[in-house]
Peer 1: 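Quick one: the structure is below, questions incoming.
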2 protein chains.
Amino acid sequence: MAPSSPSRVAQTLREEILDGTLAPGERLRQEDIALRFGASRQPVRDALRLLEGDGLVTMVANAGAWVSKLSESECYEAYQVRERLEPLLISQSIPHLKPAQIARLTELVSEIEKSSDLEQFLRLDREFHLLSYAGAEAGMLREFVERIWNTTQHYRRAFAKLNGFATSEVTHMEHKLILDGIIRNDSPQVEKVLETHIRRTRITLSEHKEIFN
Amino acid sequence: MAPSSPSRVAQTLREEILDGTLAPGERLRQEDIALRFGASRQPVRDALRLLEGDGLVTMVANAGAWVSKLSESECYEAYQVRERLEPLLISQSIPHLKPAQIARLTELVSEIEKSSDLEQFLRLDREFHLLSYAGAEAGMLREFVERIWNTTQHYRRAFAKLNGFATSEVTHMEHKLILDGIIRNDSPQVEKVLETHIRRTRITLSEHKEIFN
DNA sequence: AACATCCTCTTTGGATACATAATGCCGTAT
DNA sequence: ATACGGCATTATGTATCCAAAGAGGATGTT
């Protein structure tokens, strides 16, 4: 049988949290997970600690582990941080993006525009932004940004659902401007548009506090 | 005997990493630590995972754990991130700082100026900056900033040592300007000065690559 | 009938013991 | 003399067992 290592368990759980199978606030019992993976509780504990480090799981001593929950103000803060970090990250990425990656980004912009179902949109939008950062060397900055994307994923989904999946035309415009700036190697433009892109989302999000009930 | 819980072990190790007792690159053997704390290896593993989440320890499967090491470019990046995050954090803190905290900040500015030994300077400077953020609610932003301070602590020490502990007059000026802005509730000024303060340090640091050998 | 208390059961925390993977050393062969 | 390979040692990974803390339910009392 598979020698299920902690990182393997963690990776599977991470994916389930991101795709919504496991909702924020949901309890994670060590024994259940251990049984599921055919392992003992020790590797599971390790996996949970790993996810705790990612901010995806909250552990309380002598109580248990839950999928992390964000309050409205925490989510707002997450977007404020994105606003400051992602322009920096993309400016470090742009000079090192390979032609194949830029081609894929171009594809993604039109795929996003044509996307019909919600999960597809979320997946493509995530791929677009994270791929646009792929040129930056892996470091603390990348780690922080990915962590924010992960911990806020559920709320992006909730927001999109609430909107009846009416993605605004402005969003697509901004994606095109970002792509345009990348192609022309115009970091300052991209930084500005990306900052606006995130700020607009933050403000829109803050008008839908009902997500956090 | 002390019911040494993982967070207790982690806290002690954290302090030892920060005060330089444990140097970057140093190996952390589970058995040794377990013996030292009179515990078994499981709580130690948990503690190491916690510190890994803090970025202070690097673990490799089937190999071991080491005190995290920063390359020159990673350290540079850390300061770029600080430059963007700390002004935001302090602006959220200023409106909620209590008079007693401001009084302590005032004390610290002059204590820093008068500080004679290196460890004292490091401690006071750290207290000044982190206390200036104490008004902000604990969240992701605070966590990120504290993490950066922790992972770069060793390199601040190395840098100060190299300089023969000649703290520049400019540093003290900047601290005074920050304090002045806090007292006058002038967030924009503080943000600007703090950004400059950090950028100046980043540039100075990048002129001493020998620290990273 | 309602509330408080105690008991039980569930779940997590920790320790010991065993399996497994990596490293370093030594011996041999080229 | 050097390089390669196998063996022994060491440290980490996992499983099982036991202890302790917390939650929920039942019972007794007011």
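No hydrogens, no waters, no symmetry mates; every other heavy atom, side chains included, goes into these values.
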Peer 1: Counting side-chain heavy atoms from CB outward, which of D:dA11, C:dT11, D:dG13 is closest to B:Arg29?
Peer 2: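 Per side-chain heavy atoms of B:Arg29, the pick is D:dA11.
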Peer 1: Nearest whole Å is fine: how far is C:dT11 P from A:Met59 CE?
Peer 2: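 Going from A:Met59 (CE) to C:dT11 (P), I get 15 Å.
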Peer 1: Specify the separation, in whole Å, of atom CZ of A:Arg45 and atom P of C:dA15.
Peer 2: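 To the nearest whole Å, that distance equals 11 Å.
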Peer 1: Using a strict cut-off of less than 4.0 Å between a Lys/Arg side-chain nitrogen and an Asp/Glu carboxylate oxygen, indicate whether B:Glu195 and B:Arg199 qualify as a salt bridge.
Peer 2: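 Result for this pair is yes, salt bridge flagged.
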Peer 1: With sequence neighbours left out, which residue pairs that include part of residues 114-145 of chain A fulfil the ring pair (Phe, Tyr, Trp, His ring centres under 6.0 Å) condition?
Peer 2: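 Applying ring pair (Phe, Tyr, Trp, His ring centres under 6.0 Å) to every pair that reaches into residues 114-145 of chain A, excluding sequence neighbours, yields A:Phe121-A:Phe165, A:Phe128-A:His175, A:His129-A:Trp149, A:His129-A:His175, A:His129-A:His197, A:Phe144-B:Phe144.
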Peer 1: Taking CG from A:Asp32 and P from C:dT10, how many angstroms apart are they, rounded to a whole number?
Peer 2: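 The answer, rounded to whole Å, is 13 Å.
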Peer 1: Please enumerate all protein N or O atoms sitting under 3.5 Å from an N or O of nucleotides 18-23 of chain D, with distances to 0.1 Å.
Peer 2:
none

Peer 1: Please check the phosphate of D:dA15 (OP1 and OP2 only) for any side-chain N or O of B:Gln42 closer than 4.0 Å.
Peer 2: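 Answer no for this pair, as no side-chain N or O of B:Gln42 is under 4.0 Å from OP1 or OP2.
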Peer 1: Determine, stepwise, if the pair A:Thr152 / A:Arg156 fulfils side-chain hydrogen bond (donor to acceptor under 3.5 Å, both in side chains).
Peer 2: CA-CA 6 Å; A:Thr152 56; A:Arg156 273 198 304 286; 2.9 Å; yes
Peer 1: May I have the distance from B:Phe37 (atom CZ) to C:dA15 (atom P), rounded to whole angstrom?
Peer 2: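 Rounding to the nearest Å, CZ of B:Phe37 and P of C:dA15 are 13 Å apart.
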Peer 1: Between C:dT12 and A:Arg27, is there an OP1 or OP2 to side-chain N/O distance shorter than 4.0 Å?
Peer 2: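 Looking at the OP1 and OP2 atoms of C:dT12, one of them is under 4.0 Å from a side-chain N or O of A:Arg27.
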Peer 1: Provide, to the nearest angstrom, the distance between the CZ atom belonging to A:Arg49 and the P atom belonging to D:dT14.
Peer 2: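 Interatomic distance, CZ of A:Arg49 to P of D:dT14: 16 Å.
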Peer 1: Is A:Arg8 close enough and on-axis enough to A:Phe37, meaning under 6.0 Å and within 45°, for cation-pi?
Peer 2: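 No.
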Peer 1: Without decimals, in angstroms, what is the distance between B:Glu31 CD and D:dT9 P?
Peer 2: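 B:Glu31 atom CD is separated from D:dT9 atom P by 17 Å.
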Peer 1: Salt bridge check, B:Glu174 against B:Arg200: does any charged N sit closer than 4.0 Å to a carboxylate O?
Peer 2: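 So B:Arg200 pairs with B:Glu174 through a salt bridge.
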Peer 1: With a sphere of 6.0 Å drawn around CD of B:Glu137, does it hold more than 12 non-hydrogen atoms of other residues, nucleotides or ligands?
Peer 2: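 Not more than 12 within 6.0 Å, no.
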Peer 1: With sequence neighbours excluded, what pairs up with B:Ser40 under the side-chain contact (heavy atoms from CB on, under 4.5 Å) test?
Peer 2: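 Only B:Gln42, B:Pro43 meet the side-chain contact (heavy atoms from CB on, under 4.5 Å) criterion with B:Ser40.
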Peer 1: May I have the distance from A:Gln30 (atom CD) to C:dT10 (atom P), rounded to whole angstrom?
Peer 2: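 One finds 16 Å between P of C:dT10 and CD of A:Gln30, rounded.
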Peer 1: Taking only N and O in the side chain of B:Arg8, is any of them less than 4.0 Å away from OP1 or OP2 of C:dG14?
Peer 2: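 Negative; the distance criterion is not met.
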Peer 1: Need one value for A:Leu48: base, sugar-phosphate or nothing, where a base atom within 4.0 Å counts as base even if backbone is also close, heavy atoms only.
Peer 2: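 Nothing, no heavy atom under 4.0 Å.
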